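Structure record follows, encoded as structure tokens.
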2 protein chains.
Amino acid sequence: MSIHTKPQPSLCQHCTMSDMRFCQVNKSKVEPKVKYHKVYNKSDVLFGSGQIFDAIYILRSGSAKSSVLANSGHEQISRFHYPSDLIGLDGFDNGSHAQSIKFLETSSVCRIGLGELDKAMVNSASIRYKLLQGMSHALNDEDKFLLSLNNMNSAERLSSFLLDLSSQFENRGLSGNVFDLSMTRVDIANYLGMAIETVSRLLTQLQNEDIIEVEKRRVKILNFRKLNQCLLHEREPHILLTAKTRQLNNIQARVA
Amino acid sequence: MSIHTKPQPSLCQHCTMSDMRFCQVNKSKVEPKVKYHKVYNKSDVLFGSGQIFDAIYILRSGSAKSSVLANSGHEQISRFHYPSDLIGLDGFDNGSHAQSIKFLETSSVCRIGLGELDKAMVNSASIRYKLLQGMSHALNDEDKFLLSLNNMNSAERLSSFLLDLSSQFENRGLSGNVFDLSMTRVDIANYLGMAIETVSRLLTQLQNEDIIEVEKRRVKILNFRKLNQCLLHEREPHILLTAKTRQLNNIQARVA
DNA sequence: ATTTAATCTTGATCTATATCAATGGCAGTT
DNA sequence: AACTGCCATTGATATAGATCAAGATTAAAT
């Protein structure tokens, strides 16, 4: 997707509509004190579940998680957000937010009030389209994720997660080979629907196979080909050992 | 949410924008031969993955499943559709459909071309809002579903599915107590991420507990309270026996 | 600087559910 | 009426990954 250079309708001084998601910083005229632009710290909440819906946001820097609450009180992370993501689209449904958004590190957002947004939609086909596209993209993303939950085992889901993160960073001009996880292992486990112990084990396993290198939150992908194989259902012989096989190997090692 | 009686902008002769989702049949002036209205048979495909996106649809009668295809070739059902559902929203993302839609029984849809839709969005705040609301609703629905996949066991997921179906039918003025499943057990299993054998076993189990009655595709809910308990994580004592316990009971029965 | 609290890793065991296998019923076709 | 294919049920077994338990490491707070 190419980046257009001609002027585009914009919703705030920081954002134009020219990039592939929704928002792009216009570096030539950054005004640091624009009312629509705000900085948050790690663990800050952008909005909580049930809060009234009066604006959508574009993540400009940092990262965030969005989660929904089960009746049981269990928190389920539904996605992680990176710069240029649209946030708050869940609010159109019934006028209040279904999700809550918590920042994972120091981050900044552009805020677009509903009134302005509606005006912009009337006046600009481009903005209408970008908004619908953003929501549609989120929907498709979630469908793909659902697919992975239902059809992949833990190793595949984790590999898929790492590869997805990698391309997220790459798409944003950062390194897709080495990056820092902004979320805890608990968050990853919650998101991928597995126990934190499983995440930990799989990460060290991938490391032992020389597929990745993990040092705290820092991940380095050493072998994309193998990492991809982990999720392409290339099962015989599977790259990663199953828990059972590992167990047997352990016993054999001890006996020998 | 109240139903407005004043005239509303409409996209086709069959649809106004007055109900809570998007579409409502205007019974006073049905024109049977409107070009936007089409009938499909069971197993017909509305559109397939990769097909160009040129319209959205509103399901008027019948039911459909939408599915995405994994690299592995595996089909994953991402949702079931019932009358008044908006279909085709996945296409805004990149101009072609990510999903494919297959009807589960004789069904009819209203078709709204993209050109008309865009015109309508410019002219009507109500239509802008309904469309965004529809997408947001789909997004929230999927988030909730994701939550259930990650946090519920098979029995809970199936109970949740049945209760959801029940309220879908109830919301549409049909019986929430007795209804026919339009999908196969294979579809249910695929959607809920479990083996077909598990679906079958759980259904007979729920029947043995006098919570539901199943006869082929016909489901009758006998005890909503108990069915709800199945998913409220009211675990001690859990209503449904685990596979292990069943197995033990079987053995004990045989010994005795 | 020391305490306290998160966070992460690794090992051992348990169990929910997939998988394998067999059978029965029903709908469409010849 | 017999054949074929799909759909559903039920039983026996295997296993991926959860859970339980214990430490180790790092970060935050006093």
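Just so it is clear, the model here is predicted, and its values are computed rather than measured. Any value given below was found using the heavy atoms of this structure, including those in side chains, with hydrogens, waters and symmetry copies removed.
- Regarding contacts with the backbone of D:dA16, every side-chain N or O of A:S154 stays at 4.0 angstrom or more from both OP1 and OP2.
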Anything under 3.5 Å between a protein N or O and an N or O of nucleotides 21-28 of chain C, put it in a table, one pair a line.
none

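- Within the 6.0 Å centre-distance limit, the rings of A:F145 and A:Y191 are counted as a close aromatic pair.
- Atom CG of A:N153 is separated from atom C1' of C:dT17 by 15 Å (rounded to the nearest Å).
- Following rounding to the nearest Å, B:N190 (CG) and C:dT17 (C1') show an atom-to-atom distance of 17 Å.
- When the C1' atom of D:dG17 is taken as reference, atom CG of A:L203 falls 15 Å away, rounded to whole Å.
- In this structure, CZ of B:R201 is placed 11 Å from C1' of D:dT13, rounded to the nearest angstrom.
- Taken over five-pair windows at either terminus, the axes of the helix from C:dA1-D:dT30 to C:dT30-D:dA1 are inclined to one another by 50° (rounded to 10 degrees).
- Residues A:L165 and A:F80 form no side-chain contact, since every pair of their non-hydrogen atoms from C-beta on lies 4.5 Å or further apart.
- Rounded to whole Å, atom P of D:dC7 lies 14 Å from atom CG of B:L181.
- Side-chain nitrogen and oxygen atoms of A:R185 include at least one within less than 4.0 Å of the OP1 or OP2 phosphate oxygen of C:dT9.
- When each of A:R218, A:R217, A:K216 is tested with A:D180 by the rule salt bridge (Lys or Arg N to Asp or Glu O under 4.0 Å), just one qualifies, namely A:R218.
- Within the structure, ring-ring contact (aromatic ring centres under 6.0 Å, His included) pairs that include any residue of residues 201-220 of chain B do not occur (at least two apart or interchain).
- The side chain to side chain contact (heavy atoms under 4.5 Å, CB included) search around B:I196 returns B:R185, B:V186, B:A189, not counting sequence neighbours.
- Using a 4.0 Å cut-off, no side-chain N or O of B:T204 falls inside it from OP1 or OP2 of D:dT9.
- Residue B:T198 places no side-chain N or O under 4.0 Å from the OP1 or OP2 atom of C:dT17.
- In terms of the side chain to side chain contact (heavy atoms under 4.5 Å, CB included) criterion, residue partners of B:V45 (sequence neighbours excluded) are, by chain and number, B:K102.
- Summarising the geometry, the separation between CD on B:E215 and P on D:dC7 is reported as 18 Å, rounded to the nearest angstrom.
- Side-chain contact, A:S49 with A:S100: no donor N or O sits under 3.5 Å from an acceptor N or O.
- Between A:D187 and A:K65, at least one side-chain nitrogen of the basic residue sits less than 4.0 Å from a carboxylate oxygen of the acidic one, meeting the salt-bridge criterion.
- Contacts of B:S200 with the nucleic acid, taken as non-hydrogen atoms under 4.0 Å apart, include base atoms.
- Residues passing the side chain to side chain contact (heavy atoms under 4.5 Å, CB included) test with B:N190 are B:H74, B:Q76, B:I77, sequence neighbours excluded.
- The separation between A:L158 atom CG and D:dA18 atom P is 12 Å, rounded to whole Å.
- To the nearest angstrom, P of D:dG17 lies 13 Å from CG of B:N150.
- Of the side-chain N and O atoms in A:R217, none sit less than 4.0 angstrom from OP1 or OP2 of D:dT26.
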